[in-house]
There are 4 protein chains.
Amino acid sequence: MNGSTFGNIFRLTTFGESHGPALGGVIDGCPAGLAISEAAIQKELDARRPGRDGLDGLASTARREPDVAKILSGVFEGVSTGAPIGFCIENTSQRSTDYAPLAHVFRPGHADISWHMKYDGHRDYRGGGRASARETVSRVVGGAIAQQLLAVHGVRLQAFTVELGGIPVRPPFMVAEETLPFFAPNEDILPEWEETVRAARAAGDTLGGVVQVEAYGVPCGLGEPVFGKLDAMIAGAFMGVGAVKGVEIGAGFAAARMTGSRNNDPLTPKGFASNNAGGILGGVSTGAPIVARAAIKPIPSIALPQETIDENGEACTISIGGRHDCSAIPRVVPVLKAMLALVLADALLMQKRMA
Amino acid sequence: MNGSTFGNIFRLTTFGESHGPALGGVIDGCPAGLAISEAAIQKELDARRPGRDGLDGLASTARREPDVAKILSGVFEGVSTGAPIGFCIENTSQRSTDYAPLAHVFRPGHADISWHMKYDGHRDYRGGGRASARETVSRVVGGAIAQQLLAVHGVRLQAFTVELGGIPVRPPFMVAEETLPFFAPNEDILPEWEETVRAARAAGDTLGGVVQVEAYGVPCGLGEPVFGKLDAMIAGAFMGVGAVKGVEIGAGFAAARMTGSRNNDPLTPKGFASNNAGGILGGVSTGAPIVARAAIKPIPSIALPQETIDENGEACTISIGGRHDCSAIPRVVPVLKAMLALVLADALLMQKRMA
Amino acid sequence: MNGSTFGNIFRLTTFGESHGPALGGVIDGCPAGLAISEAAIQKELDARRPGRDGLDGLASTARREPDVAKILSGVFEGVSTGAPIGFCIENTSQRSTDYAPLAHVFRPGHADISWHMKYDGHRDYRGGGRASARETVSRVVGGAIAQQLLAVHGVRLQAFTVELGGIPVRPPFMVAEETLPFFAPNEDILPEWEETVRAARAAGDTLGGVVQVEAYGVPCGLGEPVFGKLDAMIAGAFMGVGAVKGVEIGAGFAAARMTGSRNNDPLTPKGFASNNAGGILGGVSTGAPIVARAAIKPIPSIALPQETIDENGEACTISIGGRHDCSAIPRVVPVLKAMLALVLADALLMQKRMA
Amino acid sequence: MNGSTFGNIFRLTTFGESHGPALGGVIDGCPAGLAISEAAIQKELDARRPGRDGLDGLASTARREPDVAKILSGVFEGVSTGAPIGFCIENTSQRSTDYAPLAHVFRPGHADISWHMKYDGHRDYRGGGRASARETVSRVVGGAIAQQLLAVHGVRLQAFTVELGGIPVRPPFMVAEETLPFFAPNEDILPEWEETVRAARAAGDTLGGVVQVEAYGVPCGLGEPVFGKLDAMIAGAFMGVGAVKGVEIGAGFAAARMTGSRNNDPLTPKGFASNNAGGILGGVSTGAPIVARAAIKPIPSIALPQETIDENGEACTISIGGRHDCSAIPRVVPVLKAMLALVLADALLMQKRMA
């Protein structure tokens, strides 16, 4: 409840700052007997790394680290034992001196001011410290193991970008591979997105977008009424990721503009005839695919000069150099997938006890 | 974690079904020494009751109940003692026979099928049972007491409808009173909204909309990184309310379409120059007003005939009579306000321990 | 975590004071499909009532109330639905005027001073308010439903007194019936115990004792290492009951005086050859009977004059009249049984999710 | 709730096995601004190490490791930041081959059989894996930081052995130093205890004992009624430590044999005239010293031959060699002190929010 733990039964606790010795976490509640693939964990970590957008890191930070998760406990001879799985990822590319000028200035759009106030001025300002998006490496490790558990139960996840810099992608969505730049769901959109990223970067500015995450094969019955509904858990999980400012399930905000007769998904002996509900009714999974989206704000670290204040409340101007992404997309995509995996793994184990 | 409890320190546990003897709950963690106004609780409950839309209940169910919360413990001589506050609201207007025809049919857009599967066919089908929006009376009681606690700390909440049936309201928002039909923020929009509701009802159909909730005077520092962020808690709280399919904080999805230079809120010695962040940075309150919105789907109970299946998986057709709202708006408005109050009261007490 | 909720999955939240309108609670996480016997609940409540010691209430308070639990939700047509089970027990025999003289004096051995300090002087002094042993009615209701769940899984509990006023009972323990006065495990001890109770009461004094609770048929594997061990949960559950000052599992303190060769329970193909472990090894149930004991201090409300202080810190003398038990035994016996049932039901559901 | 996390606000999550790469944990909820002394952490870790009994390790395992905790996050320039404090302790002295013969045999008195059943046969049998007392290094680190937080609030803890091998120590207890062998509270008892340990070891047998832990300066008001009482938390914390089979608060089981007039602690304007309550009334601290005791069973690993069974249920005989302690005392003493510190730090932060 202090904020470093996620989930009830499949439960991830994380630690670590951008420029400390290491990040890591503990997964408690992973059932015994699950084969743990370190390669599968690494694949997810690699998907989150910079320079993976097919544009020579056009949209991403120049910080390059191997990001290897070392498992410290809970796995014996390649199989989970039911004991907590401890892991850590060492920081190897800290260039903390970049941040010295920012030690006493609040960067607009960042957590600097709110965390400074919350913690009475005690903060590791280097790279945002705990507030850095770097904390998401631990989420990705947890999500990778969650996905391995889900796979055993026939659940498969995918995630892709549906909008970047205000430019939405058009169907069809062919996303099984997750190999395209920006985690785009098809190739047609790429030229437009590349162009808008280049323009933003040239202008010293940054971009946002929208990410969609889907889960197939989710059994009916997951989610705990009334406060632990599956969609509530997903919404909290997504909104807690750094740059997210909005969350939708199924038709989302579009549902607010439909009539009931259009929005209701008819039931047929073969299943639902549509999926405006996004696979969840009354907070409980229906067996239809789970569909969730997150609105990603533009990265607040921009090269353009900004008005702000320092710790003494004095006005000043900053231009943020350093190694920064132009957009949280594509790197946030595997993070959101990890969060959905964590929610579903937890809900699955919660529901299993009822059987 | 089973879903009937919300919050960590200021903690609400609820129970009750639409057609059972009573609904109610327990508020644990309310500090001792808070003057508890039963009149203020009643005011919130009345705001949630049907027939309060200024249209003779045009948008609302014909079920009329006094909805009086009886406090059973935790308050002595009008003041909280620190002991848990138990309360209950009796059901007095059950007309369960309305629901007998629905006992074995799954209503589209409702929790019937997913809860049926989750609970192995054990469900109180009368009025949706625990899945009914009637459960929100307990949320409103909890939220009313949370608001009293927040008021002592200088925090004030307001909630209003910003869109109904696809028709958005135009500024200015003058909402301090919360007395207009549909909890509209100004009178100009009323004729349009009334017209669209009349048309939908005449067509046997239903409508959705968007609700905005705001909090003023929230101190800086609320919210627990990284999984217990204030916006994550709000998103989970809102999405867990029956008909909600989307949540936004501050600029929300619009932020995804802005550049960083436009979306960032400049800091000045006098405060933030804008509030795209909705009062939250890095998951922690900044002192600026909290602004959150929820997308409300149209009520799934429609008079028009719908294709569906029964418990045996056989196709059938239903037209839903009974006493149903045409839109969850306006009744969901005080419920969302209650949820924001619960989140903030809990976050406030979490933060106080750090002082 | 505020103290009014017990358990993780099978979870009881309680409320209520000695002299308020009602006590009650919410059981969340009871699986759907469990037949709920109100008669079985009543039987446990009756076992806790005064006047059940076969001595015309010799050891017990003169307060007589029917103590009927009214179920408000979560049960439909006699079967649990998976929704939270709300219940309440009305207070009908409050004689609050008895307590007016005690409003500003701290009774030795009671919670008066510590709760007064904790809650800044806000307390319902009538009968101890929330600190009264009367709060245990809600535990007993929760425990009764837990026992019904356990019975379905082949687990049976029994509880009996093994020591009263310093006089231990001698074997054999024949306790299946739980019908003897003081919940004695055989009739031979009764004359001695009756005599010591009569003497204490005549002297205006009170007595303590030791209670043993056992569970048979507990499956192997319950309990969560390392902080959620089954014995840790039992110890916390027992020590949280009003008058308990010590807890033992299996051989308990006697184990501290044995050598390893004597204390170890040999394993044989037919099971354990002894049960010094009390059915738990490494915090996890072994399948052998669970055996736990609680040391009960003498009731602190004594007729003899005592030195104490008032809220102003001034010395004064009190003699406590009113309707008080001479010993928490026998009434605490069903309460401790309820607590073991709650622990086991929760541990059982925790373990089921792993299957 | 899976067992690897302890506490609500000051919250420790641990991981690690006896023979894995490392043990460690995460402390979440430590307030920002606390000076963290690594030397003080090391002092507690050293107190737990073998060979510290003044008898050349007479009572302790021959396994010798430096046991250095490396802090990975949450501390910046020597001061806590409010971010989670991750730490790990590397295993450097694994001699796993010692355990190969035990891979498929259940050692009496150990967790082997119960954990084997719980986890469907998946277990790291080397040195007991997660069930090894080695997991307590993480508790000691957490407790050391808790003690630093408590010290700021004027709370001081001490722990000592009051009984070993059935031989109780006689007053006076002069324990401020914690430097004597066995953490004895005075030197007079040492010859007797040394003699009994030598005899047990010569016989291939092991011993138990009783440990007392005390806290001074605890403010009034800690503990959350009714299930989160301070004594309940202590009982659960102690009973969850490996070899503990009994827990007492204050007079403990002796209270069960007193009359109320003797057991009640009179209140005077200068404080309590006695401390049978052990500093807790109604589950809430009174300001008097907290006094708690734990009964420690003899180490189950004995050199003497024992009857047992293997994983196939076949009878067999084992004699346990390897590097084992003769008694959990003295090494369990700092572990119990750590647990009391964790309970008090958590209760202190819980209570602070009420101020």
Side-chain angles (χ1 to χ4, degrees), chain C residues 1-3 6 8 106 108-109 111 114-115 117-118 131 135 166 205-206 208-210 220-221 224-229 231-232 235-236 239-240 245-249 252-253 255-257 259-261 263-264 266-267 269 281-282 284 286 295-300 302 304 307-309 313 315, chain D residues 1-3 6 8 106 108-109 111 114-115 117-118 131 135 166 205-206 208-210 220-221 224-229 231-232 235-236 239-240 245-249 252-253 255-257 259-261 263-264 266-267 269 281-282 284 286 295-300 302 304 307-309 313 315:
Chain C
M1 54 173 291
N2 302 299
F6 186 86
N8 296 297
F106 300 133
S114 53
W115 289 38
M117 300 293 278
K118 179 176 188 69
E135 58 89 357
D205 218 332
T206 56
V210 180
C220 195
E224 300 300 320
V226 298
F227 297 116
K229 287 175 177 170
D231 39 3
M239 195 69 92
K245 298 303 286 185
V247 182
E248 296 181 313
I249 304 292
F253 276 82
R257 285 132 205 169
T259 58
S261 59
N263 182 60
N264 283 353
L267 286 103
L281 284 172
V284 173
T286 64
I296 314 294
K297 76 173 184 180
I299 294 269
I302 60 176
L304 291 167
E307 298 306 306
T308 189
I309 59 173
Chain D
M1 53 173 294
N2 301 301
F6 186 86
N8 295 296
F106 300 134
S114 52
W115 290 38
M117 300 293 279
K118 180 176 187 69
E135 57 90 356
D205 218 332
T206 56
V210 179
C220 194
E224 300 300 320
V226 300
F227 296 116
K229 288 175 176 170
D231 39 4
M239 194 70 90
K245 297 301 285 184
V247 182
E248 294 181 316
I249 304 292
F253 276 83
R257 285 132 205 169
T259 57
S261 58
N263 183 60
N264 283 352
L267 287 103
L281 284 172
V284 173
T286 64
I296 314 295
K297 76 173 185 179
I299 295 269
I302 60 176
L304 292 167
E307 300 306 307
T308 189
I309 59 174

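Sequence lines set the chain letters: A, B, ... in the order given, protein chains first and strands last, and positions in each chain run from 1. This structure is a prediction, so every number in the text was calculated from the model and none was measured.
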Could you check if a side-chain atom of E135(D) sits within less than 4.5 angstrom of a side-chain atom of P225(C), using non-hydrogen atoms only?
no
Checking heavy atoms, do the side chain of I309(C), its backbone, both or neither come under 4.5 Å from chain D?
both
Which bit of K245(C) is near chain D, if near means a heavy-atom gap under 4.5 Å: side chain, backbone, both or neither?
both
Pairwise distance [atom1]([X]) to [atom2]([Y]) - rounded to 0.5 angstrom:
X	Y	atom1	atom2	result
W115(C)	T286(D)	CH2	OG1	14.5 Å
E248(D)	E248(C)	CD	CD	7.5 Å
D205(C)	S261(D)	CG	OG	3.5 Å

Heavy-atom pairs under 4.5 Å with chain C are the metric here; pick the option from [options] that has the most.
options	answer
P266(D), G208(D), G228(D)	G208(D)
P108(D), G221(D), G3(D)	G3(D)
A255(D), G282(D), A256(D), G240(D)	A256(D)

For chain D, which candidate among [options] shows the most heavy-atom pairs at distances under 4.5 Å?
options	value
T206(C), N264(C), I299(C)	N264(C)
S114(C), A111(C), C220(C)	S114(C)
V210(C), V226(C), T308(C), N8(C)	V226(C)
G313(C), G252(C), A131(C)	G252(C)
L304(C), T259(C), I302(C)	T259(C)

What are the two closest heavy atoms between [X] and [Y], and how far apart are they?
X	Y	value
R257(C)	G166(D)	CG-CA, 3.8 Å
F253(D)	A295(C)	CD2-CB, 3.5 Å
E224(C)	N2(D)	CB-O, 3.0 Å

Side chain, backbone, both or neither: which part of [X] has a heavy atom under 4.5 Å from chain C?
X	result
D231(D)	both
A315(D)	both
I249(D)	both

